[in-house]
Number of protein chains: 2
Amino acid sequence: MLSHILFYSLDKAIKQYRRFAQANIDRAGIAITIDQWLVLRVILEKDDLTQTDIGERVFKDQASVARIIRLLTQRGLLAAESLPHDGRRTRLRVTEEGQRTLEAVQPIVLSNRQLALQGLTEADQALLSQLLDRIYVNCSPASDSDNQA
Amino acid sequence: MLSHILFYSLDKAIKQYRRFAQANIDRAGIAITIDQWLVLRVILEKDDLTQTDIGERVFKDQASVARIIRLLTQRGLLAAESLPHDGRRTRLRVTEEGQRTLEAVQPIVLSNRQLALQGLTEADQALLSQLLDRIYVNCSPASDSDNQA
DNA sequence: GCAACCTTCATGATATATCATACATTCATC
DNA sequence: GATGAATGTATGATATATCATGAAGGTTGC
């Protein structure tokens with residue numbers, strides 16, 4: 001049975017969390033997706049990142065980040081100013097409305113996390129985090145120490 | 001930092017596992033996605049499921065399952081026979097080639113899981129599974145016992 | 001100052017996720 | 001057996017994921 005396979009539980013848990021989190025944002029009448037919110041948040045913290053940098057932080061590839069940025073810009077949550085010293089890039093700035101949206105979403109996200117983690121102790125959470133990171137490392141391409149010679 | 005948020009670790013771990021697993025299937029020269037493989041496998045086990053049934057088992061919605069089935073059929077891994085007693089449905093049958101593909105993928109999937117779980121004890125895995133299931137439950141719509149009155 | 005290379009970003013193609021809806025069929029009820 | 005509800009499937013619209021590639025700008029080395 002699939003339910004006994006760990007990766008199925010993993011997939012199931014994260015999918016359900018995302019549905020739950022998105023539903024709560026929708027219910028609050030805020031028009032933004034979880035992924036857009038995440039990217040917007042990263043840009044607010046540091047506005048001189050390339051799309052690849054942002055992708056590394058939110059664990060998305062550059063193409064996905066480019067499309068999310070385009071949507072955020074179209075919706076007026078993000079503005080792009082050209083950078084004089086590098087014609088390829090633009091400086092991304094979270095607009096007023098973007099900031100209002102981030103502020104509106106913030107308590108919902110905190111509440112989502114808290115609700116989703118009910119019944120898990122601090123120790124549970126620490127262990128869970130540690131095990132997940134181990135899986136991540138196990139699935140990552142061999143680092144330099146590993147594939148030389 | 002995002003790295004301290006559990007759901008970020010969760011997202012990161014499952015995404016990396018999926019990339020890793022898909023890369024290993026690709027490297028073996030087998031033309032199938034993880035999701036297609038999963039659906040095909042479920043159909044092999046039980047061939048009289050509706051798309052909604054399949055979706056429940058693999059944690060996808062009916063629309064996604066419909067599209068995956070269409071691709072599997074187009075690629076000759078799945079065949080549909082009409083059912084006399086219900087004009088809406090068809091009986092899905094995994095073709096010879098579908099079975100060969102499933103057999104070819106099986107050892108890769110087992111190896112993927114084993115590699116991804118290196119360093120996790122049985123107890124770790126059991127606990128992880130339990131914690132993930134708890135998150136799933138926490139994020140699931142209130143059950144009947146919960147939202148009455 | 002040019003050639004080769006690298007970086008940044010955009011986009012096409014394909015696959016999946018989600019919501020909504022349309023359509024046909026079946027079932028339940030009368 | 002006609003009708004309304006429920007079921008099964010397909011598909012449109014939009015968002016994200018992934019891979020590949022193209023185009024433009026920047027850097028390095030000569």
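Per chain, numbering begins at 1; letters A, B, ... match sequence-line order.
- The separation between Asp86(B) atom CG and dT9(D) atom C1' is 11 Å, rounded to whole Å.
- For Ile34(B) and dC19(D), the CD1 to C1' distance is 16 Å, given to the nearest whole Å.
- Here the CG-NZ distance, from Leu10(B) to Lys12(B), works out to 12.0 Å after rounding to the nearest 0.5 Å.
- With rounding to whole Å, Ile43(B) atom CD1 is found 10 Å from dT9(D) atom P.
- In this structure, CD on Gln125(A) lies 11.5 Å from CG on Leu132(A), to the nearest 0.5 angstrom.
- If you take CD of Gln74(B) and C1' of dA10(D), they are 13 Å apart, rounded to a whole angstrom.
- Look at CG on Leu71(B): it is 6 Å from P on dT16(C), rounded to the nearest Å.
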Each base of DNA chain C marked ( ) or [ ] if paired in-strand (Watson-Crick or G-U under 3.5 Å), | if paired to another strand and . if unpaired gives ||||||||||||||||||||||||||||||
Scan nucleotides 17-19 of chain C against the protein and return all N/O pairs shorter than 3.5 Å with their distances rounded to 0.1 Å.
residue, atom, partner, partner atom, Å
dA17(C), OP1, Lys15(A), NZ, 3.1
dA17(C), OP1, Lys60(B), NZ, 3.0
dA17(C), OP2, Lys60(B), NZ, 3.2
dT18(C), OP1, Arg19(A), NE, 2.9
dT18(C), OP2, Arg19(A), NH2, 2.8
dT18(C), O4, Arg67(B), NH1, 2.8

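- At whole-Å resolution of the value, CG in Asp53(B) and C1' in dG8(D) are 10 Å apart.
- Between the NE2 atom of His85(B) and the P atom of dT7(D) there is a distance of 15 Å, given to the nearest Å.
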Side chains of residues 26-34 of chain B: which donor-acceptor partners sit under 3.5 Å, not counting sequence neighbours?
residue, atom, partner, partner atom, Å
Asp26(B), OD1, Gln22(B), NE2, 3.1
Arg27(B), NH2, Asn24(B), OD1, 2.4
Thr33(B), OG1, Gln36(B), N, 3.0

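- Inter-residue side-chain proximity for Ile135(B) and Leu128(A) is flagged as met; some heavy-atom pair is nearer than 4.5 Å.
- Cation-pi geometry between Lys15(A) and Phe59(B) is not met at under 6.0 angstrom from the ring centre and within 45 degrees of the axis.
- A 4.5 Å side-chain heavy-atom check between Leu49(B) and Ile43(B) finds every atom pair outside the cut-off.
- The phosphate of dT7(C) has neither OP1 nor OP2 within less than 4.0 Å of any side-chain N or O from Thr52(A).
- Here the side chain of Tyr8(A) pairs a donor or acceptor atom with the backbone of Arg57(B) at under 3.5 angstrom.
- Protein atom CD1 of Ile69(B) is 13 Å distant from nucleotide atom P of dG8(D), rounded to whole Å.
- Less than 4.0 Å separates DNA chain D from at least one heavy atom of each of the following residues of residues 87-96 of chain B: Arg88(B), Arg89(B).
- The Ala66(B) side chain lies nearest to dA10(D) when the options are dG8(D), dA10(D), dG26(D).
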Compile the donor-acceptor pairs under 3.5 Å between side chains in residues 88-98 of chain B and protein atoms, sequence neighbours left out, one pair per line.
residue, atom, partner, partner atom, Å
Arg88(B), NE, Asp86(B), OD1, 3.0
Arg88(B), NH2, Asp86(B), OD2, 2.9
Arg89(B), NH2, Asp48(B), O, 3.0
Arg91(B), NE, Glu81(B), OE1, 3.4
Arg91(B), NH1, Asp47(B), OD2, 2.1
Arg93(B), NE, Glu81(B), OE2, 2.7
Thr95(B), OG1, Gly76(B), O, 2.6
Thr95(B), OG1, Leu77(B), O, 3.3
Thr95(B), OG1, Glu97(B), N, 3.4
Thr95(B), OG1, Gly98(B), N, 3.0

With a cut-off of 3.5 Å and sequence neighbours excluded, list every side-chain donor-acceptor pair involving residues 62-69 of chain B.
residue, atom, partner, partner atom, Å
Gln62(B), NE2, Gln51(B), OE1, 2.9
Ser64(B), OG, Asp61(B), OD1, 2.9

Before you tell me yes or no, could you show the steps for Ser140(A) and Gln16(B) under side chain to side chain contact (heavy atoms under 4.5 Å, CB included), namely the whole-Å CA-CA distance, both residues' side-chain angles and the distance that decides it to 0.1 Å? CA-CA 7 Å; Ser140(A) 296; Gln16(B) 194 72 351; 3.1 Å; yes
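- For the pair Asn138(A)/Leu115(B), no side-chain contact is recorded, criterion being any heavy-atom separation below 4.5 Å from C-beta on.
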